[in-house]
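Below you'll find the structure, written out as structure tokens, and then a few comments.
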Amino acid sequence: MIIEKNINFAMLNKSIDGLWLRQQISMENIANYSTPGYKSKYVDFESQLKNKLTNISEKDKSSTIKEKIQSSNIIIGENDEQSLRLDGNNVDLEKENLQLAKTQLQYMYTVTEINSYFSKLSSVISEGKK
């Protein structure tokens, strides 16, 4: 099927998975703002994806590129930043809210791109019948 071979769709799919997980982690950090000793977490998938795609040449087949996209990992890490609070919690509520808003915008943009892709595909299929 055409969707399975599309590199852009694979990239959008990986992005939406990472963004969804980042939203969950940001909400988890916000929910644990009052938990003593809690260390905030973060999600990184962009650097993994960038590392996998750095050495791609124009000669690489699309299946190779798609395989690299799919094999990149989404990492959940714990922030080692020192806490300014006495209870040891290092959640910065303002930073987490900004991260959540940014991630929601990126997520909405990615969903719009996926919808646009399917809309174009639908148009091609329906116009092809005429």
Side-chain angles (χ1 to χ4, degrees):
M1 183 171 214
I2 193 166
I3 295 172
E4 295 171 353
K5 295 179 182 177
N6 191 308
I7 294 171
N8 289 336
F9 190 74
M11 186 73 89
L12 289 170
N13 199 16
K14 188 57 123 180
S15 295
I16 208 156
D17 287 346
L19 291 169
W20 181 83
L21 190 56
R22 182 173 288 151
Q23 278 183 331
Q24 298 302 310
I25 293 298
S26 289
M27 289 190 289
E28 185 179 309
N29 287 340
I30 291 169
N32 284 298
Y33 177 69
S34 301
T35 305
Y38 179 81
K39 301 295 179 197
S40 64
K41 297 175 185 164
Y42 63 91
V43 173
D44 182 29
F45 64 95
E46 293 95 342
S47 62
Q48 291 286 314
L49 201 54
K50 185 178 178 182
N51 286 341
K52 290 272 184 178
L53 299 176
T54 7
N55 297 325
I56 291 179
S57 69
E58 291 183 20
K59 294 179 182 176
D60 284 334
K61 292 182 179 178
S62 63
S63 61
T64 306
I65 297 169
K66 189 175 177 221
E67 191 177 300
K68 287 183 177 187
I69 292 169
Q70 290 175 334
S71 68
S72 70
N73 296 322
I74 299 172
I75 296 173
I76 300 174
E78 191 174 281
N79 257 333
D80 294 335
E81 295 174 6
Q82 291 275 333
S83 174
L84 298 177
R85 295 169 38 179
L86 293 176
D87 64 359
N89 184 318
N90 70 353
V91 174
D92 182 348
L93 201 53
E94 186 174 322
K95 182 179 166 186
E96 293 299 330
N97 281 323
L98 285 172
Q99 180 66 44
L100 185 60
K102 178 183 169 187
T103 305
Q104 286 173 337
L105 287 173
Q106 290 174 322
Y107 189 88
M108 288 181 352
Y109 175 77
T110 306
V111 168
T112 301
E113 284 295 310
I114 290 172
N115 286 338
S116 173
Y117 176 77
F118 281 112
S119 176
K120 289 175 189 171
L121 199 59
S122 174
S123 175
V124 167
I125 292 169
S126 64
E127 293 297 318
K129 290 180 182 178
K130 294 180 182 176

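Since the model is a prediction, treat every value here as computed from it, not as a measurement.
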Quiz prompt | Worked verdict on K66 versus M11 for side chain to side chain contact (heavy atoms under 4.5 Å, CB included) | solution = CA-CA 8 Å; K66 189 175 177 221; M11 186 73 89; over 6 Å; no
Practice problem: Answer with yes or no whether the side chains of T112 and N115 bring together a donor and an acceptor at under 3.5 Å. | Solution: no
Quiz item: Is it true that a side-chain atom of S122 and a backbone atom of F118 form a donor plus acceptor pair closer than 3.5 Å?
Solution: no
Quiz item: Would Y117 and N6 count as a side chain to side chain contact (heavy atoms under 4.5 Å, CB included) if you check the C-alpha gap in whole Å, the side-chain angles of each, and the deciding distance to 0.1 Å?
Solution: CA-CA 11 Å; Y117 176 77; N6 191 308; 3.1 Å; yes
Exercise. Under the salt bridge (charged side-chain N to carboxylate O under 4.0 Å, His left out) rule, collect the residues that match up with E67, sequence neighbours excluded.
Key: none
Exercise. Might you point out which heavy atoms bring S72 and L49 nearest each other, and give the distance in Å?
Key: OG-CD1, 3.3 Å
Quiz prompt | Note, Q24 side chain near E28 side chain (heavy atom, < 4.5 Å) | solution = no
Exercise. Give a yes or no answer on whether the side chain of N90 reaches the backbone of Q82 with a donor-acceptor pair at less than 3.5 Å.
Key: no
Quiz prompt | Gap separating the CD atom of E81 from the OG atom of S40, nearest 0.5 angstrom | solution = 6.0 Å
Quiz item: Looking at residues at least two apart in the chain, or sitting in another chain, which of them share a side-chain contact (heavy atoms from CB on, under 4.5 Å) with D87?
Solution: P36, R85, N89
Quiz item: After noting the C-alpha distance and the side-chain angles of K68 and L53, does the key distance pass the side chain to side chain contact (heavy atoms under 4.5 Å, CB included) rule?
Solution: CA-CA 7 Å; K68 287 183 177 187; L53 299 176; 4.2 Å; yes
Quiz prompt | Single-linkage hydrophobic cluster, 4.5 Å side-chain cutoff, Y38 and I30 together | solution = yes
Quiz item: Hey, quick one: are L105 and L98 part of the same hydrophobic cluster, counting side-chain heavy atoms closer than 4.5 Å, chains of contacts allowed?
Solution: no
Quiz item: Given the rule that I, L, V, M, F, W and Y join up when any side-chain heavy atoms are under 4.5 Å apart, are M108 and I114 in one cluster?
Solution: no
Quiz item: Are any of the side-chain heavy atoms of I16 and Y107 separated by less than 4.5 Å?
Solution: yes
Quiz item: Hey, does F45 have a side-chain heavy atom less than 4.5 Å from the side chain of D17?
Solution: no
Self-check item: Interatomic spacing from OH in Y109 to CG in L19 - rounded to 0.5 Å
Solution: 12.0 Å
Exercise. Could you check K52 against S71 for side chain to side chain contact (heavy atoms under 4.5 Å, CB included), going step by step and ending with a plain yes or no?
Key: CA-CA 8 Å; K52 290 272 184 178; S71 68; 3.3 Å; yes
Quiz item: CD1 of I75 to CD of Q48: how many Å apart, nearest 0.5 Å?
Solution: 3.5 Å
Quiz item: With a cut-off of 6.0 Å (strictly less than), are more than 12 heavy atoms of other residues, nucleotides or ligands near CG of L93?
Solution: yes
Exercise. Determine, step by step, whether E46 and K14 satisfy the salt bridge (Lys or Arg N to Asp or Glu O under 4.0 Å) criterion, reporting the C-alpha distance in whole Å, the side-chain angles of both residues, the deciding distance to 0.1 Å, and the verdict.
Key: CA-CA 10 Å; E46 293 95 342; K14 188 57 123 180; over 6 Å; no
Self-check item: From Q106, Q99, Q104, residue fulfilling side-chain contact (heavy atoms from CB on, under 4.5 Å) relative to Q23
Solution: Q104
Quiz item: If only atom types and distance count, is the side chain of N13 paired as donor or acceptor with the main-chain N or O of F9 below 3.5 Å?
Solution: no
Self-check item: Distance in Å, K39 NZ paired with N79 CG, rounded so as to fall on 0.5 Å steps
Solution: 9.5 Å
Practice problem: Indicate, with yes or no, if M27 and I74 share a hydrophobic cluster defined by side-chain heavy-atom contacts under 4.5 Å among Ile, Leu, Val, Met, Phe, Trp and Tyr. | Solution: no
Quiz item: How many angstroms lie between atom CD1 of I69 and atom OG1 of T64, to the nearest 0.5 angstrom?
Solution: 11.0 Å
Quiz item: How about E96 and N29: does a side-chain donor come under 3.5 Å of a side-chain acceptor?
Solution: yes
Quiz item: Rounded to the nearest 0.5 Å, what separation is found between the OG1 atom of T103 and the CG atom of L21?
Solution: 10.5 Å
